[in-house]
Amino acid sequence: MASPTDLPSHVRAIVDEIETEIGEEPARSTTPADATAAEQAIEGDGRHDGNGRVEAAVYEILAEIGEDPDRQGLVGTPERVHRMYTELTAGYHVDPERLINGAIFDVDYSEMVIVKDIPFYSLCEHHLLPFFGSASVAYIPRGRVIGLSKIPRIVEMYARRLQVQERMTQQIAEFLQDRLAPQGVGVVVEATHLCAVMRGVRKPGTIMTTSSVLGLFRTRDRTRAEFLDHLARQPRIG
(Lines give C-alpha, C1' and ligand atoms only; values in the text may rest on other atoms or scores of the structure.)
Protein backbone atom coordinates (compact mmCIF):
# COMPACT_ATOMS: atom_id res chain seq x y z
CA MET A 1 0.00 0.00 0.00
CA ALA A 2 1.31 3.43 -0.93
CA SER A 3 2.05 5.89 1.86
CA PRO A 4 -0.34 8.89 2.12
CA THR A 5 2.23 11.23 0.61
CA ASP A 6 2.74 8.93 -2.39
CA LEU A 7 -0.93 8.87 -3.44
CA PRO A 8 -1.82 10.58 -6.73
CA SER A 9 -3.73 13.81 -6.12
CA HIS A 10 -7.04 12.45 -7.44
CA VAL A 11 -6.80 9.40 -5.16
CA ARG A 12 -5.82 11.55 -2.19
CA ALA A 13 -8.89 13.73 -2.82
CA ILE A 14 -11.19 10.67 -2.83
CA VAL A 15 -9.64 9.28 0.35
CA ASP A 16 -10.02 12.66 2.07
CA GLU A 17 -13.67 12.77 1.01
CA ILE A 18 -14.32 9.37 2.62
CA GLU A 19 -12.38 10.12 5.79
CA THR A 20 -13.42 13.69 6.62
CA GLU A 21 -16.57 15.68 7.25
CA ILE A 22 -17.34 19.06 5.70
CA GLY A 23 -15.32 21.67 7.55
CA GLU A 24 -12.70 19.26 8.83
CA GLU A 25 -9.08 19.52 7.79
CA PRO A 26 -8.03 16.48 5.75
CA ALA A 27 -5.30 14.33 7.28
CA ARG A 28 -3.58 14.47 3.90
CA SER A 29 -3.39 18.13 2.90
CA THR A 30 -5.33 18.74 -0.32
CA THR A 31 -4.75 22.18 -1.78
CA PRO A 32 -6.90 23.89 -4.44
CA ALA A 33 -4.14 23.02 -6.88
CA ASP A 34 -4.50 19.36 -5.87
CA ALA A 35 -8.24 19.50 -6.50
CA THR A 36 -7.69 20.96 -9.97
CA ALA A 37 -5.01 18.39 -10.70
CA ALA A 38 -7.34 15.65 -9.45
CA GLU A 39 -10.07 16.63 -11.89
CA GLN A 40 -7.58 16.82 -14.75
CA ALA A 41 -6.08 13.46 -13.81
CA ILE A 42 -9.45 11.73 -13.97
CA GLU A 43 -10.76 13.46 -17.09
CA GLY A 44 -7.65 14.47 -19.03
CA ASP A 45 -4.66 12.88 -20.69
CA GLY A 46 -1.97 14.02 -18.25
CA ARG A 47 0.75 11.72 -17.00
CA HIS A 48 0.01 9.43 -14.06
CA ASP A 49 3.00 9.24 -11.78
CA GLY A 50 4.30 5.72 -11.37
CA ASN A 51 6.67 3.13 -12.77
CA GLY A 52 4.75 2.61 -16.01
CA ARG A 53 4.07 -1.08 -15.45
CA VAL A 54 0.28 -0.71 -15.50
CA GLU A 55 0.42 1.32 -18.70
CA ALA A 56 2.70 -1.25 -20.31
CA ALA A 57 0.37 -4.08 -19.32
CA VAL A 58 -2.71 -2.32 -20.72
CA TYR A 59 -0.79 -1.58 -23.94
CA GLU A 60 -0.03 -5.30 -24.28
CA ILE A 61 -3.67 -6.24 -23.63
CA LEU A 62 -4.84 -3.89 -26.37
CA ALA A 63 -2.35 -5.40 -28.79
CA GLU A 64 -3.26 -8.95 -27.77
CA ILE A 65 -6.96 -8.49 -28.53
CA GLY A 66 -6.10 -7.26 -32.03
CA GLU A 67 -6.25 -3.48 -31.52
CA ASP A 68 -3.68 -0.86 -32.47
CA PRO A 69 -2.64 0.74 -29.16
CA ASP A 70 -1.04 3.60 -31.07
CA ARG A 71 -4.13 4.77 -32.92
CA GLN A 72 -5.58 8.13 -31.93
CA GLY A 73 -8.47 6.85 -29.81
CA LEU A 74 -6.30 4.47 -27.79
CA VAL A 75 -3.00 6.29 -27.46
CA GLY A 76 -3.95 7.68 -24.02
CA THR A 77 -5.95 4.66 -22.86
CA PRO A 78 -3.21 2.90 -20.83
CA GLU A 79 -2.73 5.99 -18.66
CA ARG A 80 -6.49 6.54 -18.35
CA VAL A 81 -6.97 2.94 -17.23
CA HIS A 82 -4.24 3.36 -14.61
CA ARG A 83 -5.90 6.49 -13.26
CA MET A 84 -9.29 4.79 -13.26
CA TYR A 85 -8.12 1.81 -11.23
CA THR A 86 -6.32 3.94 -8.66
CA GLU A 87 -9.55 5.89 -8.20
CA LEU A 88 -11.80 2.82 -7.97
CA THR A 89 -9.50 1.14 -5.44
CA ALA A 90 -8.92 4.19 -3.22
CA GLY A 91 -10.55 2.34 -0.30
CA TYR A 92 -7.29 0.50 0.36
CA HIS A 93 -5.78 3.81 1.48
CA VAL A 94 -8.55 4.95 3.85
CA ASP A 95 -7.49 5.12 7.51
CA PRO A 96 -10.38 3.57 9.51
CA GLU A 97 -9.52 5.57 12.62
CA ARG A 98 -9.50 8.80 10.64
CA LEU A 99 -12.85 7.82 9.14
CA ILE A 100 -14.39 7.30 12.60
CA ASN A 101 -12.60 10.40 13.99
CA GLY A 102 -14.12 10.05 17.45
CA ALA A 103 -17.72 10.00 16.17
CA ILE A 104 -18.80 7.28 18.61
CA PHE A 105 -21.05 8.63 21.35
CA ASP A 106 -22.45 7.37 24.64
CA VAL A 107 -26.24 7.43 24.23
CA ASP A 108 -28.86 5.67 26.35
CA TYR A 109 -30.56 4.05 23.37
CA SER A 110 -31.05 0.36 22.74
CA GLU A 111 -33.49 0.14 19.81
CA MET A 112 -32.62 -0.73 16.23
CA VAL A 113 -30.80 1.87 14.11
CA ILE A 114 -31.10 1.39 10.34
CA VAL A 115 -29.50 3.19 7.39
CA LYS A 116 -31.12 1.97 4.17
CA ASP A 117 -30.34 2.06 0.46
CA ILE A 118 -26.73 3.28 0.56
CA PRO A 119 -25.56 3.26 -3.09
CA PHE A 120 -22.16 1.82 -3.90
CA TYR A 121 -19.98 0.81 -6.85
CA SER A 122 -17.27 -1.82 -6.63
CA LEU A 123 -15.07 -4.08 -8.77
CA CYS A 124 -15.43 -7.84 -8.86
CA GLU A 125 -12.00 -9.31 -8.19
CA HIS A 126 -12.61 -12.25 -10.54
CA HIS A 127 -13.01 -10.29 -13.79
CA LEU A 128 -12.34 -6.66 -12.76
CA LEU A 129 -15.85 -5.80 -13.93
CA PRO A 130 -18.12 -3.53 -11.88
CA PHE A 131 -20.86 -4.62 -9.55
CA PHE A 132 -23.12 -2.00 -8.06
CA GLY A 133 -26.24 -1.64 -5.97
CA SER A 134 -27.16 -0.63 -2.45
CA ALA A 135 -26.38 -1.61 1.12
CA SER A 136 -28.65 -1.44 4.17
CA VAL A 137 -27.03 -1.47 7.59
CA ALA A 138 -28.60 -1.89 11.02
CA TYR A 139 -27.34 -2.27 14.55
CA ILE A 140 -28.77 -2.38 18.08
CA PRO A 141 -26.66 -0.16 20.35
CA ARG A 142 -25.31 -1.18 23.70
CA GLY A 143 -25.07 2.37 25.00
CA ARG A 144 -22.89 3.59 22.10
CA VAL A 145 -23.92 4.97 18.69
CA ILE A 146 -21.93 6.07 15.66
CA GLY A 147 -22.44 9.28 13.67
CA LEU A 148 -24.95 8.78 10.87
CA SER A 149 -22.63 9.88 8.05
CA LYS A 150 -20.01 7.32 9.07
CA ILE A 151 -22.04 4.32 7.95
CA PRO A 152 -22.14 5.27 4.23
CA ARG A 153 -18.41 6.06 4.51
CA ILE A 154 -17.74 2.57 5.88
CA VAL A 155 -19.61 1.10 2.90
CA GLU A 156 -17.58 3.30 0.54
CA MET A 157 -14.29 2.30 2.16
CA TYR A 158 -14.89 -1.39 1.50
CA ALA A 159 -16.57 -0.91 -1.90
CA ARG A 160 -13.56 0.92 -3.35
CA ARG A 161 -11.47 -2.25 -3.38
CA LEU A 162 -11.32 -5.41 -5.45
CA GLN A 163 -14.16 -7.34 -3.88
CA VAL A 164 -16.57 -10.20 -3.81
CA GLN A 165 -19.98 -9.17 -2.54
CA GLU A 166 -20.06 -11.80 0.19
CA ARG A 167 -16.82 -10.58 1.76
CA MET A 168 -17.74 -6.90 1.49
CA THR A 169 -21.01 -7.60 3.33
CA GLN A 170 -19.14 -9.33 6.15
CA GLN A 171 -16.51 -6.61 6.38
CA ILE A 172 -19.11 -3.89 6.90
CA ALA A 173 -20.82 -5.89 9.65
CA GLU A 174 -17.59 -6.83 11.41
CA PHE A 175 -16.31 -3.24 11.32
CA LEU A 176 -19.36 -2.01 13.24
CA GLN A 177 -19.24 -4.99 15.60
CA ASP A 178 -15.58 -4.31 16.43
CA ARG A 179 -15.97 -0.53 16.89
CA LEU A 180 -19.29 -0.40 18.76
CA ALA A 181 -19.65 -3.81 20.47
CA PRO A 182 -23.42 -3.52 19.91
CA GLN A 183 -26.06 -6.09 20.77
CA GLY A 184 -26.19 -7.03 17.11
CA VAL A 185 -25.47 -5.96 13.54
CA GLY A 186 -27.31 -6.70 10.31
CA VAL A 187 -26.16 -5.88 6.78
CA VAL A 188 -27.97 -6.63 3.51
CA VAL A 189 -26.38 -5.86 0.14
CA GLU A 190 -28.15 -6.09 -3.22
CA ALA A 191 -26.17 -5.68 -6.43
CA THR A 192 -26.05 -6.21 -10.17
CA HIS A 193 -22.84 -7.84 -11.43
CA LEU A 194 -21.75 -6.99 -14.95
CA CYS A 195 -19.84 -10.28 -15.14
CA ALA A 196 -23.26 -12.00 -15.10
CA VAL A 197 -24.93 -9.44 -17.36
CA MET A 198 -22.27 -8.91 -20.07
CA ARG A 199 -20.57 -12.31 -20.21
CA GLY A 200 -21.05 -15.90 -19.06
CA VAL A 201 -24.75 -16.56 -18.50
CA ARG A 202 -25.64 -13.05 -19.85
CA LYS A 203 -28.77 -12.57 -17.73
CA PRO A 204 -29.73 -8.87 -17.52
CA GLY A 205 -31.74 -7.96 -14.45
CA THR A 206 -30.09 -10.56 -12.22
CA ILE A 207 -29.72 -9.25 -8.66
CA MET A 208 -27.49 -10.86 -6.04
CA THR A 209 -28.46 -10.45 -2.36
CA THR A 210 -26.08 -11.13 0.51
CA SER A 211 -26.49 -10.67 4.25
CA SER A 212 -24.36 -10.77 7.36
CA VAL A 213 -26.04 -10.95 10.78
CA LEU A 214 -24.26 -10.87 14.11
CA GLY A 215 -25.42 -10.95 17.73
CA LEU A 216 -29.18 -10.61 18.24
CA PHE A 217 -29.78 -10.48 14.49
CA ARG A 218 -28.42 -14.03 14.31
CA THR A 219 -29.79 -15.51 17.53
CA ARG A 220 -33.24 -13.92 17.72
CA ASP A 221 -35.69 -14.60 14.89
CA ARG A 222 -37.93 -11.70 15.93
CA THR A 223 -35.06 -9.19 15.66
CA ARG A 224 -34.04 -10.46 12.24
CA ALA A 225 -37.68 -10.34 11.06
CA GLU A 226 -38.03 -6.76 12.30
CA PHE A 227 -34.93 -5.77 10.34
CA LEU A 228 -36.20 -7.38 7.13
CA ASP A 229 -39.62 -5.78 7.65
CA HIS A 230 -38.00 -2.34 7.85
CA LEU A 231 -36.13 -3.01 4.62
CA ALA A 232 -39.37 -3.90 2.83
CA ARG A 233 -41.13 -0.67 3.83
CA GLN A 234 -41.19 2.27 1.47
CA PRO A 235 -39.89 5.53 2.97
CA ARG A 236 -42.53 8.10 3.91
CA ILE A 237 -40.29 11.16 3.59
CA GLY A 238 -40.86 13.88 1.02
Side-chain angles (χ1 to χ4, degrees), residues 1-20 26-96 98-99 119-133 153-169 171-172 189 191-200 202 208:
M1 181 183 296
S3 70
T5 55
D6 292 337
L7 295 177
S9 58
H10 66 294
V11 178
R12 187 165 65 247
I14 292 166
V15 170
D16 285 339
E17 183 179 328
I18 296 171
E19 290 182 350
T20 59
R28 304 162 176 86
S29 59
T30 304
T31 67
D34 286 334
T36 301
E39 183 176 351
Q40 291 174 344
I42 294 172
E43 301 296 341
D45 291 325
R47 290 288 303 171
H48 184 290
D49 293 335
N51 54 30
R53 288 184 296 186
V54 173
E55 288 83 350
V58 175
Y59 186 97
E60 291 299 322
I61 290 171
L62 292 172
E64 183 64 23
I65 64 175
E67 263 290 359
D68 174 10
D70 295 315
R71 71 175 173 86
Q72 185 181 32
L74 292 177
V75 69
T77 295
E79 291 177 17
R80 285 190 289 266
V81 170
H82 191 178
R83 290 193 300 274
M84 177 192 70
Y85 280 122
T86 56
E87 177 189 353
L88 297 181
T89 59
Y92 288 118
H93 306 290
V94 173
D95 179 352
R98 176 66 182 170
L99 185 157
F120 74 88
Y121 299 86
S122 191
L123 282 176
C124 171
E125 66 182 34
H126 297 146
H127 300 98
L128 299 187
L129 283 172
F131 69 95
F132 54 91
R153 294 170 191 271
I154 293 166
V155 173
E156 187 79 353
M157 174 176 65
Y158 287 116
R160 283 185 179 267
R161 304 179 180 188
L162 300 184
Q163 279 289 13
V164 295
Q165 184 176 327
E166 297 90 335
R167 182 175 62 230
M168 188 182 86
T169 307
Q171 287 174 329
I172 296 166
V189 175
T192 294
H193 291 246
L194 291 190
C195 57
V197 172
M198 297 175 65
R199 61 167 305 280
R202 294 193 296 277
M208 179 177 180

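These figures come from a predicted structure and were not determined experimentally.
Atom OH in Tyr59 sits 3.5 Å away from atom CG in Asp70 (nearest 0.5 Å). Of the inter-residue distances, the one linking Phe131 atom CZ with Met208 atom CE reads 8.5 Å to the nearest 0.5 angstrom. Atom CZ of Arg83 sits about 8.5 Å away from atom OG1 of Thr86, to the nearest 0.5 Å. Atoms CG and OG1, on Asp95 and Thr20 in that order, are 12.0 Å from each other to the nearest 0.5 Å. To the nearest 0.5 Å, atoms CZ (Arg153) and CD (Glu17) are separated by 7.5 Å. Separating the CD atom in Glu156 from the CG atom in Leu99 is a distance of 10.0 Å, to the nearest 0.5 Å.
Of all heavy-atom pairs spanning Ile14 and Ala90, the tightest one is CG2-CB, 3.8 Å. For Thr89 against His93, the heavy-atom pair with the smallest separation is O-CD2, 4.2 Å. Looking at every heavy atom in both residues, Glu55 comes nearest to Pro78 through O-CB, 3.4 Å. The nearest pair of heavy atoms linking Leu162 to Tyr92 is N-OH, 3.2 Å. When all heavy atoms of Pro69 and Ala63 are compared, the pair lying nearest together is CG-N, 3.8 Å. The two residues Ala159 and Met168 make their nearest non-hydrogen contact at CA-SD, 3.7 Å.
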(Q) If you apply the rule side chain to side chain contact (heavy atoms under 4.5 Å, CB included), what do you find for His126 with Val164, and how did you get there? (A) CA-CA 8 Å; His126 297 146; Val164 295; 3.7 Å; yes
Q: Starting from the C-alpha separation in whole Å, work towards a yes-or-no answer on side chain to side chain contact (heavy atoms under 4.5 Å, CB included) for His82 and Val58.
A: CA-CA 8 Å; His82 191 178; Val58 175; over 6 Å; no
Q: Apply side chain to side chain contact (heavy atoms under 4.5 Å, CB included) to Glu166 and Thr169, showing your working.
A: CA-CA 5 Å; Glu166 297 90 335; Thr169 307; 5.8 Å; no
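Using a 4.5 Å cut-off on side-chain heavy atoms (C-beta onward), Tyr121 and Leu88 make no contact. Contact annotation: the side chain of Arg160 approaches that of Ile18 to within less than 4.5 Å [non-hydrogen atoms, C-beta and beyond]. Annotation: side chain of Leu74 is not in contact with side chain of Asp68 (no heavy-atom distance under 4.5 Å).
For Arg12 and Ser9, the side-chain atoms include no donor-acceptor pair closer than 3.5 Å.
Of the listed residues (Arg161, Gln163, Arg167), just one forms a side chain to side chain donor-acceptor pair (under 3.5 Å) with Glu125, and that residue is Arg167.
Summarising the local packing, CE of Met198 is surrounded by 12 or fewer heavy atoms from other residues, nucleotides or ligands at distances under 6.0 Å. Within a 6.0 Å sphere centred on CD of Gln171, heavy atoms belonging to other residues, nucleotides or ligands number more than 12.
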